[in-house]
Enquirer: 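Quick one: this structure, given as structure tokens, is what I'll be asking you about.
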Amino acid sequence: MQEIILQTPTMTGKIYVGEDAIKNRLPALLQGQKNFVLTDTNVYALYPDFFKEYFDGTEIFVLAAGEENKNFQSLQSILESMSKAGLLRTSRLFAVGGGVIGDIGGLAAALYMRGISCVQIPTTLLAQVDSSVGGKTAVDLGGVKNIVGAFYQPCEVLVNPAFLQTLPQREIKCGIGEIVKYAALNGEIFDALCKQDTLDEPQFLTSLIEKCIRHKAQVVQADEKESGERRSLNVGHTTGHAIELSTGLSHGEGVLYGMFMETQTAMEKGVCEKEYGEKLQQIVRKALALTPMSAPDFSGIAKDAEKAKSDKKNTGNNQITMSVAKAKGVWTTLSLPFEKYVQALENAVNSL
Ligand SMILES: NC(=O)c1ccc[n+]([C@@H]2O[C@H](COP(=O)([O-])OP(=O)(O)OC[C@H]3O[C@@H](n4cnc5c(N)ncnc54)[C@H](O)[C@@H]3O)[C@@H](O)[C@H]2O)c1
């Protein structure tokens, strides 16, 4: 089991990675107070023995699986249930699931009695390499993703790669979308992905989980509230979100296409080194090929790019600002007037 410390101005969080992380840490965390478990219907059905072994007698809230349930109504039900269970300030909330459970569970922990301890136990690849670390919590509101939330660091994150054995291939690909994001920021991860032909090979993925978490922890430590360095973690995401909306692709697939297009734009604008950018695009192609998919219909992208204007990272002056890869291990921001951004996207679609 590897230990990674994440120190922010407000707290010290610990992240444990390995098949023994849960066995070694969970019993001690459960001792001595009333606790609360949040999970979703799929995870609860897949892991009855796990819940029985560790959470027998603990209040368990099972949320219907799916992004559509990451909303205020669910948050209210969870908080009501926490209150009914008689949780105290010293209680802990254990969020066992993917990014949806981690995000809403983290927010419930931040709000209940103005903040109780939260332990994240991520069960998807996306949550293990990315969302369970860093303390961003949120729910969606009125069709806008993650618009209501808080920065609230978990006290511990327990990452057991064994959960990935039951994860559908499309969800694996979604997590690989985020791993490719780290490749765009970290030379070591970039080299590993360049060399590897089958990106979804389980041992290879396990070896990357810790590397991605270490990278994210370092970034979050330097800039918890996203005023500088943490913006790097949005590479591929500004355009990725627009693609998700216009094509109905998954988040990971949207990010992969977003990364391809933003890298293409950065190369054309002379911001990204061509040889490096092409290698990064090659990794994206390998990741996209992991599951069979027909060519997405990008005809609605110009219209949905409008949404990029209301992205939390933009300032509302008709400019689109993207975090883009510049060279191996180096990123920068690229701002374009909205019309030029749309034009760049349309060019990039043609070069896919
Ligand atoms: N907080 C952050 O920093 C951050 C970063 C990236 C994404 N996110 C958020 O994360 C969410 C996406 O996360 P996600 O992709 O994990 O989605 P998710 O939580 O919806 O999980 C995807 C699917 O996998 C199922 N699942 C979970 N674990 C499983 C397992 N071990 N075996 C089989 N099935 C399993 C879930 O029930 C669900 O159907 C989005 O809401 C996004 O906004 C947050």
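Throughout, numbering of the chain's residues begins at 1 and tracks the sequence. Whatever order the structure lists them in is the order used to number ligands and atoms, beginning at 1.
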Enquirer: I'd like to know whether ligand 1 has Lys216 as a neighbour, heavy-atom separation below 4.0 Å.
Expert: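 Right, Lys216 reaches ligand 1.
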Enquirer: Looking only at distances, please establish whether an N/O atom of ligand 1 is found under 3.5 Å from an N/O atom of Glu178.
Expert: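 No.
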Enquirer: If the condition is side chain to side chain contact (heavy atoms under 4.5 Å, CB included), which residues does Thr90 pass it with, not counting sequence neighbours?
Expert: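 For Thr90 the side chain to side chain contact (heavy atoms under 4.5 Å, CB included) partners, ignoring immediate neighbours, are Gln33, Leu88.
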Enquirer: Passes salt bridge (charged side-chain N to carboxylate O under 4.0 Å, His left out), Glu226 versus Lys136? Steps please.
Expert: CA-CA 10 Å; Glu226 200 167 303; Lys136 278 192 183 177; 2.5 Å; yes
Enquirer: What is the nearest protein non-hydrogen atom to atom 28 (N) of ligand 1, stated with its residue, atom name and distance?
Expert: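 Here the closest protein heavy atom is Thr123 OG1, 2.7 Å.
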Enquirer: Are any of the N or O atoms of Leu46 closer than 3.5 Å to those of ligand 1?
Expert: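 It does not: no N or O of Leu46 is found under 3.5 Å from an N or O of ligand 1.
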Enquirer: Which protein heavy atom lies closest to atom 37 (O) of ligand 1, and at what distance to 0.1 Å?
Expert: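 For atom 37 (O) of ligand 1, the nearest protein heavy atom comes out as Asp40 OD2, 2.6 Å.
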Enquirer: Side-chain donor-acceptor pair under 3.5 Å between Gln281 and Thr263, yes or no?
Expert: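 Distance-only check fails for Gln281 and Thr263.
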Enquirer: What are the two closest non-hydrogen atoms of Lys181 and His237, and how far apart are they?
Expert: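 Looking at all heavy atoms of both residues, the shortest contact is CD-CE1, 3.5 Å.
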Enquirer: Pull out every atom of ligand 1 sitting under 4.0 Å from any heavy atom of Ala65, numbered as shown with elements.
Expert: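 Selected atoms, number and element: 37 (O).
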Enquirer: Considering non-hydrogen atoms of the protein only, which is the closest contact for atom 7 (C) of ligand 1, and what is the distance?
Expert: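 Scanning the protein heavy atoms, the shortest distance from atom 7 (C) of ligand 1 goes to Leu126 CD2, 3.7 Å.
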Enquirer: Would you indicate which of Gly177, Ser131, Gly134 comes nearest to atom 5 (C) of ligand 1 when only heavy atoms are counted?
Expert: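 Of the listed residues, Ser131 has the closest heavy atom.
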Enquirer: Around atom 32 (N) of ligand 1, find the nearest protein heavy atom and jot down its residue, atom name and distance.
Expert: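 Protein heavy atom at minimum distance: Thr166 OG1, 2.8 Å.
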Enquirer: Check step by step if salt bridge (charged side-chain N to carboxylate O under 4.0 Å, His left out) holds for Glu273 and Lys326.
Expert: CA-CA 6 Å; Glu273 283 175 8; Lys326 184 175 176 192; over 6 Å; no
Enquirer: Among Thr41, Leu167, Asn146, which residue places a heavy atom closest to atom 34 (N) of ligand 1?
Expert: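 That would be Leu167.
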Enquirer: Give me the ring orientation class for His251 and His241: parallel if the planes are under 30° apart, tilted from 30 to 60°, perpendicular past 60°.
Expert: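 The arrangement is tilted - the two ring planes meet at 30° to 60°.
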Enquirer: According to a hydrophobic-cluster definition based on side-chain heavy atoms being under 4.5 Å apart (Ile, Leu, Val, Met, Phe, Trp, Tyr only), do Val219 and Val157 belong together?
Expert: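 Shared cluster, yes.
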Enquirer: With salt bridge (charged side-chain N to carboxylate O under 4.0 Å, His left out) as the criterion, how do Glu67 and Lys145 come out once you've worked through the C-alpha distance, each side chain's angles and the decisive distance to 0.1 Å?
Expert: CA-CA 9 Å; Glu67 177 75 28; Lys145 264 188 72 120; 3.7 Å; yes
Enquirer: Side-chain donor-acceptor pairs under 3.5 Å in residues 98-119, sequence neighbours left out?
Expert:
from   : atom 1 : to    : atom 2 : distance (Å)
Asp103 : OD2    : Lys70 : NZ     : 2.9
Tyr112 : OH     : Leu87 : O      : 2.9

Enquirer: So which of His251, Lys145, Gln120 gets nearest to atom 42 (C) of ligand 1, if we judge by its closest heavy atom?
Expert: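 When every heavy atom of His251, Lys145, Gln120 is considered, Lys145 comes closest to atom 42 (C) of ligand 1.
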Enquirer: Number the atoms of ligand 1 from 1 as they appear, then name those within less than 4.0 Å of a heavy atom of Asp103, with their elements.
Expert: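 Result: 1 (N), 2 (C), 8 (N), 9 (C), 43 (O), 44 (C).
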Enquirer: Do any heavy atoms of Glu171 fall under 4.0 Å from ligand 1?
Expert: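 A heavy atom of Glu171 does come that close to ligand 1.
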Enquirer: How far is atom 17 (O) of ligand 1 from its nearest protein heavy atom, and which residue and atom name does that atom have?
Expert: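 Atom 17 (O) of ligand 1 sits closest to the protein heavy atom Gly99 N, 4.0 Å.
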Enquirer: Can you get from Leu193 to Val324 by hopping between Ile, Leu, Val, Met, Phe, Trp and Tyr side chains that sit under 4.5 Å apart?
Expert: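 Yes, Leu193 connects to Val324 through the hydrophobic network.
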Enquirer: Return the option from Thr124, Val100, Ile172 holding the heavy atom at the smallest distance from atom 19 (O) of ligand 1.
Expert: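 That would be Val100.
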Enquirer: In the protein, which heavy atom is nearest to atom 41 (O) of ligand 1, and how far is it?
Expert: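 Going atom by atom, the protein heavy atom closest to atom 41 (O) of ligand 1 ends up being Glu67 OE1, 2.5 Å.
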Enquirer: Counting heavy atoms not belonging to Tyr44, are there more than 12 under 6.0 Å from its OH?
Expert: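 No, the 6.0 Å shell around OH holds no more than 12 heavy atoms from other groups.
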Enquirer: Which residue and non-hydrogen atom of the protein lie closest to atom 39 (O) of ligand 1, and at what distance in Å?
Expert: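 The protein heavy atom lying closest is Asn42 ND2, 3.0 Å.
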